[in-house]
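Structure, as structure tokens:
Atoms considered below: every heavy atom in the structure, side chains included; atoms not considered: hydrogens, waters and symmetry mates.
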2 protein chains.
Amino acid sequence: MSRDSSDTRTRILDCTWNLLESGDKKVRMSDIAKEVGISRQALYLHFPTRAELLIATTRHIDSVKNVDARLADSRAATSGRDRLASFIGAWGGYIPEIHGLSVALRSMRDSDAEAAAAWDDRMQAVRHGCAAAVAALAADKMLRPDLNIEVATDLLWTLLSVENWERLVRECGWSQVEYENQIKRLSEAALLAKH
Amino acid sequence: MSRDSSDTRTRILDCTWNLLESGDKKVRMSDIAKEVGISRQALYLHFPTRAELLIATTRHIDSVKNVDARLADSRAATSGRDRLASFIGAWGGYIPEIHGLSVALRSMRDSDAEAAAAWDDRMQAVRHGCAAAVAALAADKMLRPDLNIEVATDLLWTLLSVENWERLVRECGWSQVEYENQIKRLSEAALLAKH
DNA sequence: GTGTCAACTTTACATCGTGTCAAGTAACTG
DNA sequence: CAGTTACTTGACACGATGTAAAGTTGACAC
């Protein structure tokens, strides 16, 4: 679909994305250049560093996959509980799309501060979503009384981490559906007041 | 305490451990050599690669901190539920001790297959502990009827991941006690049949 | 003393991936 | 034709790991 975009920058982003998601662990600048069909140096004409290329790729994926719209849907839910479930569905369903990129960005955390910041930024955005879902629960008086908003948000955010998805889906071999169902169940068990 | 051990190999392991746990992110072979007070090359007389040094360091920590004994205690618990709690306490309390090493080993996952295998090995050991705890719950008929042993083990193993500890304790600023309490509560909510 | 062995040192170099630099080419645009 | 833009080729610096070779030091044997 995004084939033949003529715009080199876009082609670079698409190829980077393809390579990262295709799971070939080590994606070097030269790998990307080869895939795009340009020289390694031409890459540096478009992106100053590998980190910036990866960061630009996340933004590119976000816009292609329309994350904002997905998450907006979850905001439309009426009850706090529905909202929680639909937020989990939206974010949980997005994880597989960005997983390769997530691995690449996280693996340069310690070598590149900029990449680390970019990843943290994304995770903070997810955390805001978690906080909103928790707030909706609290408004419905459905939050466990022994949990304050902050702690509940931390817990939900942790449950929804990419790392947990990796472990359950990739390592334990769960299906995406099993993952979402169990995480929903677990989140409710963790956060909801029993009544 | 471990000062002046005369045995160079042991001194290397202790210094590696110190450096890793002291949180100075980048621990290079030359950093370790400087800390020990020997040349970088002397390091290679004792350990062929950085990966092997890190792996040897985990074994060293295990023996100094006596993991086996800690986990053995959790096996002594009478009820399945006590056993779950005490396993979580034992492993959860061990995570802070090996956290620096865990970061280092994981960050070379993609560059070094041997390091990856060593880390996976450790995690499989934890998984066995989880499986044993789940089996004890099942024996007491306390496992949720809609969970089979496998899925329950996957869930518990995921909850107890080092990554979740990092997020809650390091990133969210929880105390170790809060962490253990919430993870215990969450594990029980996830696994125990309500009756 | 001499010989020898082990543990370590110093110096030098190969490799790999990132990122920089400079000069050249090919196509489009006025 | 001149100038600009997008790219190419080739060379190189850097930082970290790992290899290789020759030299130093101290202990122990006889």
Hey, are A:D14 and A:R11 close enough for a salt bridge, meaning a charged N less than 4.0 Å from a carboxylate O?
no
Which one, D:dT19, D:dC7, D:dA11, comes nearest to the side chain of A:A42?
D:dC7
Can you find a pair of side-chain heavy atoms, one from B:I32 and one from B:R50, that are under 4.5 Å apart?
no
Do we see a donor-acceptor contact under 3.5 Å between the side chains of B:E166 and B:H99?
yes
For D:dG18, does the base pair up with any side-chain atom of B:R40 as donor and acceptor (N or O, under 3.5 Å, distance only)?
yes
Think A:H46 has a side-chain N or O under 4.0 angstrom from the OP1 or OP2 of D:dA6?
no
Separation of B:K34 atom NZ from D:dA16 atom C1', in whole Å?
14 Å
A:K194 versus B:K194: any side-chain heavy-atom pair under 4.5 Å?
no
Inter-residue atom distance B:R144.CZ - A:R185.CZ, 0.5 Å rounding
4.0 Å
If each end axis of the helix from C:dG1-D:dC30 to C:dG30-D:dC1 is fitted on five C1' pair positions, the angle between them, to 10 degrees, is 20°
Atom CG of A:L45 and atom P of D:dA6: how far apart are they, to the nearest Å?
9 Å
List the steps, then state whether side chain to side chain contact (heavy atoms under 4.5 Å, CB included) holds for A:S111 with A:M108.
CA-CA 5 Å; A:S111 67; A:M108 48 188 317; 3.6 Å; yes
Could you go through the side chain to side chain contact (heavy atoms under 4.5 Å, CB included) check for B:D154 and A:Q182 one step at a time?
CA-CA 11 Å; B:D154 290 344; A:Q182 289 289 351; over 6 Å; no
Roughly how many Å is it from CD in B:E114 to C1' in D:dG18, rounded to a whole number?
14 Å
Tell me, do A:W165 and A:L160 make a side-chain contact under 4.5 Å, heavy atoms counted?
no
At less than 4.0 Å, is any side-chain N or O atom of B:T49 found next to OP1 or OP2 of D:dT17? Yes or no.
no
Roughly, in whole Å, what's the span from CZ in B:R50 to C1' in D:dG15?
13 Å
Integer-rounded Å distance: D:dA16 P and B:D31 CG
8 Å
Between B:S79 and B:R83, is any side-chain donor less than 3.5 angstrom from a side-chain acceptor?
no
Can you tell me how far C1' of D:dC7 sits from CG of A:L43, to the nearest Å?
12 Å
Let me spell it out: for each of B:Q41 and B:I38, pick the nucleotide of DNA chain C with the closest heavy atom. Which residue's pick is nearer the 5' end?
B:I38
Given atom CD1 of A:I12 and atom P of D:dA6, what is their separation to the nearest angstrom?
12 Å
Anything under 4.0 Å to a heavy atom of chain B counts; send over the first and last such nucleotide of DNA chain C, read 5' to 3'.
C:dC8 to C:dA12
Rounded to whole Å, please give me the gap between CZ in A:R9 and C1' in D:dC7.
17 Å
